[in-house]
Each structure stands twice: as structure tokens, then as C-alpha cells.
Amino acid sequence: MKNVDEYYPTSGRVILHVDMNAFYCSVHEAEEPDKYGGQPTAVAGSMELRKGIIVTCSYAARRLGISTGMVVNRALKLCPDLIIIKPDFDLYRKYSSAFMKIAYSYTPKMQATSIDECYLDITGSKQFGTPEQIAVEIQRRIYDELALPCSVGIAPNKLLAKMASDMKKPNGISVLRLRDVPRLLWTRPSGELFGIGSKTAEKLRKIGIDTIGQLANTDEATLTRVFGVVGGWMKQAANGIDHSPVLDEREQSKSVGHTTTLPNDISSREDVHRVLLNLSDQVARRLRRKELVAGGVQLTIRTPDMKTITRSKMLLSATDNAEDIYIESKRLYSEHWGFDKPVRLLGITLQHLTAKQDSAIQLDLFNYEKQPKKDSLTETMDMLRNKFGENAVVTAGMLGDDPSVLIRNHKIRGTSLQMDHLDKPSEDKSNKDKPNKDIP
């Protein structure tokens, strides 16, 4: 019998990275195995939205040359039998909540980084067995209970756990120790190091750094001269060093944000304001669910050529009101971007969050009498939405016929996925919130 203590360090951490495989397609296969099981499938928007870009595809499709980001028309030429599925974000959130609940049962130190992946710090989870036994059990339970495949990486830090989970897909379990880094990672292209994008990899190649090993052995001063403070991080990462903690639910609530990639580039004042109003409404509602108020607003803008800018502003007083957030986001947009240039993506992030009960919200002389009525109206709107759905209450400014604008009536309000369904992974859900499959 194994001595479990031998598999845990006396100092240091044991981190798992759980990564769901072809998550969206796998969810549809779990829901309708007779229809989609083993078939080449792809999840994509409707054909007219950005020419039907593929969001993800099944492994059966990948073996035929289909890949994420490919235009649907091209994919269908490669595979005429490819089954195109429209996204069902509510269904994905329900399955996400279910697999996170399984992962959370092994440690309270869980950090969800997206709808289909999370980090687990299992340093204090010896009672469940060795790290590999825990990984095997999590993977088995997710498959047995949800019919979803996942890969798990085991490592001493988040960076290596993420790299490890990518080593064997689908349904793999990989261990990546610090001493394994030179042998397993150094021969790979520098662009495969998690956190280094294609543009940075190209810049590295221009200064003669092609592999992760070359990056690991480059003088830090050289990297800092070219890349600034990021250069030091890159050298550490190439050597497998990462000290970032797994953030639990409380620590993750330091900001609340939502972004959306637009079906078509927009530039008109009316379209931009409608998107910002919808985003403001969404983030404010999420803030109220968490019983928080925000002291700052950050606006994110991405251009058609994928350039991203962010601008932020502290508020005069903390708020959870969509109108306040909307006014500030409009001001940031006008000051830093204007209406003569197209945008591809917009996002609003609320920062400097505090518990509402601990925050003294300042009211000016002209608004203090109106505030109780405004709060009462907001509470009523939230209650109606909780009972009848998000579309139960809308304002005139949220509606529109322009396909480039986020509207609620038969159109997706946002393409990025909110993570509120993960706020309390251990909480039982009612049957109405579960997928068709019997999820515990």
C-alpha cells in the first residue's frame, strides 16, 4: 500500500489543471449520443455571422483537418459530412457547473479560469489519496456522471499543470515535474509556452530564440531590454518557475467583467451605446448578485486588426447601478476612441470591489431623495428576471434591429461566457437548472 505522504512535498504545492476536451461538442454528444456520438461535429455561429467561424470541433472532425477558427465554408469543403451545431451557452454553463462541482469536492482551493477549465490546489487533500489517484478519480467521475472527457495535468505550479494537461488529449493524465522541464519542454517552439502568443514568438525568433530551451538560457538582461518587465517572467516560465497562487472564490471576486465579440464591426454612436448599455446592465446585475459595489470601471476595446486597448476610471462613489456604469463607459469610449473607427470587441470590467454592506455609498444633495425609489425599482427588476428570465425586463435602449448590436430578442447578448454559475460550486441546483442528462 502506498504511503500517501511520500507523494506530497514537505514544502511547495501540488496543482491540478482540469481541461475539458472539445467541451462544447462533447456537451452536445453527452446530451444526444445517438445523434452526435463519434461524428465529426463543430460548434459555430450562424452562417452570416463572421462567415460562420468555428468555435470548437470534435476530435473526429480534427482528424479530418478541421480546426478552431476555421471558416465554416472551408470546413465543409474538407468534410461535407461535418455537422454544424449552433451554440447553446445555457447548456454549456449547466455542464460547466456540474463538472466544477465534482472538482470542488476535492479541495476548496479551486480557480475557474474559463467555462471549461480550472486549477485545483490539492496540497492539503491527502485524505483523497496521491495526486495521481485524485486526478484519475476526478477524470473518471466527470466521465461516468456527465459523459464528458477531460485531460488533467499534475505539477508543482499552475504553469506546468496547464502545460501538462495539453500533453495527452483527449482523456489524458500527465505529470510534469520541475526536473522534467529541460527534457520535455525545451525542444518545443517558444510559442508553445503558455502565456506567449504568436506575436511575441515572432519577436523572439527575430532575436534568434526559437525554442523554449533557448529562451530559458537567454540572459535576462537581453530579454528585459527587448520585452521590458515581461522578459524576466518569460525566462522564469521557460525554466518552469511560477509562483502564482490558485485563487479561491473570494479572491476571484476582485473584479467582475463581461466582454462580447461583435458579429459585425461597429462604429456608429447608436450601436456602440446600445452595446455598452447591455454590457453595463449585465455586469451591474452580476455585481448585485454578489452583493458588491464597484469603485472603478475599465473599458476594453478590440479593433478589427486585433489590437486591444483598455482604459479605466475611478468613480466618485461606489455603485452597483447600471446607469452609473453606462455613463462612465460612454465617457471612456468618447475620450479614448471616438466614433470614426470600427471596433470588433467591447468589454466592461468593474474593479475595486467591496461588500455593499461595508460600503458607504455617497449621495449628492439632488439624488438622495431619488435613490431609495431607484433601489426599489432595481430590486423589482432583478426579482422579475430571477423568476422569468433575463428577457423579462428590458429598456428601450437595449433593443434594436441592427445585427451588429447585442439585443435580447432572439439574439445572443454576449459571446463571452459569464462565470457566475461557478460562484458556489458546492451548492445543489434544482432540477430545472440541470441538463437533460441526470447530473447530480
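The analysis underlying the following values was restricted to heavy atoms, covering all of them including side chains, and did not include hydrogens, waters or symmetry mates.
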Exercise. Would you find more than 12 non-hydrogen atoms of other residues, nucleotides or ligands less than 6.0 Å from Lys168 atom NZ?
Worked result: no
For this session: Please answer whether the main-chain N or O of Val18 pairs with a side-chain N or O of Ser165 as donor and acceptor at a distance below 3.5 Å.
Result: no
Exercise. Less than 4.5 Å apart, any side-chain heavy atom of Phe23 and any of Ser96?
Worked result: yes
Problem set entry | Interatomic spacing from CG in Leu346 to CG in Asn278 - rounded to 0.5 Å | 11.0 Å
Exercise. Do the side chain of Ser58 and the main chain of Thr41 share a donor and acceptor less than 3.5 angstrom apart?
Worked result: yes
Exercise. Tyr92 and His28: aromatic ring centres closer than 6.0 Å?
Worked result: yes
Problem set entry | Distance in Å, Glu328 CD paired with Thr319 OG1, rounded so as to fall on 0.5 Å steps | 11.0 Å
Exercise. Are the side chain of Trp186 and the backbone of Ala238 linked by a donor-acceptor contact shorter than 3.5 Å?
Worked result: yes
For this session: Spell out, as yes or no, whether a donor-acceptor pair under 3.5 Å connects the side chain of Lys35 to the backbone of Glu29.
Result: no
Problem set entry | Criterion side-chain contact (heavy atoms from CB on, under 4.5 Å) on Asn157 and Ile241, from CA distance to verdict | CA-CA 8 Å; Asn157 59 52; Ile241 299 170; 5.7 Å; no
For this session: Would you indicate whether the side-chain heavy atoms of Lys162 and Asp19 approach each other to under 4.5 Å?
Result: yes
Exercise. Are the side chain of Ser97 and the backbone of Lys94 linked by a donor-acceptor contact shorter than 3.5 Å?
Worked result: no
For this session: Evaluate the salt bridge (Lys or Arg N to Asp or Glu O under 4.0 Å) criterion for residues Arg285 and Asp320: first the C-alpha distance (whole Å), next the side-chain angles of each, then the deciding distance (0.1 Å), finally the verdict.
Result: CA-CA 8 Å; Arg285 179 151 158 73; Asp320 61 2; over 6 Å; no
Exercise. Between atom CZ of Arg141 and atom NZ of Lys101, what is the distance when rounded to the nearest 0.5 Å?
Worked result: 9.0 Å
Exercise. Is a side-chain N or O of Arg302 found less than 3.5 angstrom from the main chain of Ile309, in a donor-acceptor match?
Worked result: no
Exercise. Looking only at atom types and distance, does a side-chain atom of Asn217 sit under 3.5 Å from a main-chain N or O of Gly213, one as donor and one as acceptor?
Worked result: yes
For this session: Step through the shown structure and confirm whether more than 12 heavy atoms of other residues, nucleotides or ligands are within 6.0 Å of NZ on Lys235.
Result: yes
For this session: Report the distance from atom CD1 of Ile134 to atom CG of Leu120, rounding to the nearest 0.5 Å.
Result: 9.0 Å
For this session: Using a 4.5 Å cut-off on heavy atoms from C-beta on, say whether the side chain of Thr200 contacts that of Phe227.
Result: yes
Problem set entry | Distance-minimising heavy-atom pair for Lys169 and Ser151 | CG-OG, 3.3 Å
Exercise. When you measure from the side chain of Ser125 to the backbone N and O of Tyr106, does any donor-acceptor pair fall under 3.5 Å?
Worked result: yes
Exercise. Hey, are the side chains of Val343 and Thr303 touching, using non-hydrogen atoms and a 4.5 Å cut-off?
Worked result: no
Exercise. Under 30°, 30 to 60°, or over 60°: which ring-plane class applies to Phe339 and Tyr333, parallel, tilted or perpendicular?
Worked result: tilted
For this session: Give the C-alpha distance, both sets of side-chain angles, the deciding distance and a yes or no for salt bridge (Lys or Arg N to Asp or Glu O under 4.0 Å) between Glu202 and Lys199.
Result: CA-CA 5 Å; Glu202 179 60 32; Lys199 291 184 178 179; over 6 Å; no
For this session: Start with the C-alpha distance between Asn171 and Gln139, add both sets of side-chain angles, then the distance that settles side-chain contact (heavy atoms from CB on, under 4.5 Å), and finish with yes or no.
Result: CA-CA 8 Å; Asn171 260 330; Gln139 185 187 70; 3.9 Å; yes
Exercise. Any idea which heavy atoms bring Gln351 and Ser312 closest together, and the distance?
Worked result: OE1-CB, 4.0 Å
For this session: Would you please test Glu31 and Tyr36 for side chain to side chain donor-acceptor pair (under 3.5 Å) and show each step?
Result: CA-CA 9 Å; Glu31 282 284 292; Tyr36 298 123; over 6 Å; no
Exercise. Does the pair Ile115 and Arg93 meet the rule for a side-chain contact (heavy atoms from CB on, under 4.5 Å), with working shown?
Worked result: CA-CA 7 Å; Ile115 197 170; Arg93 290 188 186 102; 4.0 Å; yes
For this session: May I ask you to test the Ile348-Tyr326 pair for a side-chain heavy-atom distance under 4.5 Å?
Result: no
Exercise. Under 4.5 Å between any side-chain heavy atoms of Cys150 and Val152, yes or no?
Worked result: yes
Exercise. Taking all non-hydrogen atoms of both residues, which atom of Ser174 and which atom of Met167 are closest, and how far apart?
Worked result: OG-CB, 3.6 Å
Exercise. Crowded around Arg188 CZ? As in, over 12 foreign heavy atoms under 6.0 Å?
Worked result: yes
For this session: Before giving the answer on side chain to side chain donor-acceptor pair (under 3.5 Å), spell out for Lys158 and Gln111 the whole-Å C-alpha distance, their side-chain angles and the decisive distance to 0.1 Å.
Result: CA-CA 10 Å; Lys158 289 165 66 176; Gln111 180 181 356; 2.8 Å; yes
For this session: Would you kindly say whether Asp210 and Ser190 are connected by a side-chain donor-acceptor distance under 3.5 Å?
Result: no
Exercise. Measuring from Glu117:CD to Met20:CE, what's the distance to the nearest 0.5 Å?
Worked result: 11.0 Å
Exercise. So, Thr224 side chain and Glu220 main chain: donor-acceptor pair closer than 3.5 Å or not?
Worked result: yes
Exercise. Ignoring hydrogens and geometry, is there a side-chain-to-backbone donor-acceptor pair from Arg62 to Cys57 under 3.5 Å?
Worked result: yes
Exercise. When rounded to the nearest 0.5 angstrom, what is the spacing between CD1 in Ile122 and OG1 in Thr107?
Worked result: 8.0 Å
Exercise. Does the side chain of Leu76 reach to within under 4.5 Å of the side chain of Val72, using non-hydrogen atoms?
Worked result: yes
For this session: Answer whether the closest heavy-atom distance between the side chains of Ile196 and Met234 falls below 4.5 Å.
Result: yes
For this session: State, to 0.1 Å, how close Ala294 and Leu287 come at their nearest heavy-atom pair, and which atoms those are.
Result: N-CD2, 3.6 Å
Seminar exercise, completed: Closest non-hydrogen atoms of Cys25 and Ala42, given as atom of the first, atom of the second and distance, are SG-CA, 3.9 Å
Exercise. When you look at Arg311 and Gln298, which way does the side-chain contact (heavy atoms from CB on, under 4.5 Å) test go after all the steps?
Worked result: CA-CA 6 Å; Arg311 296 292 184 269; Gln298 176 180 284; over 6 Å; no
Exercise. Nearest heavy-atom pair of Gly12 and Thr123: which atoms, and what distance?
Worked result: O-CG2, 3.7 Å
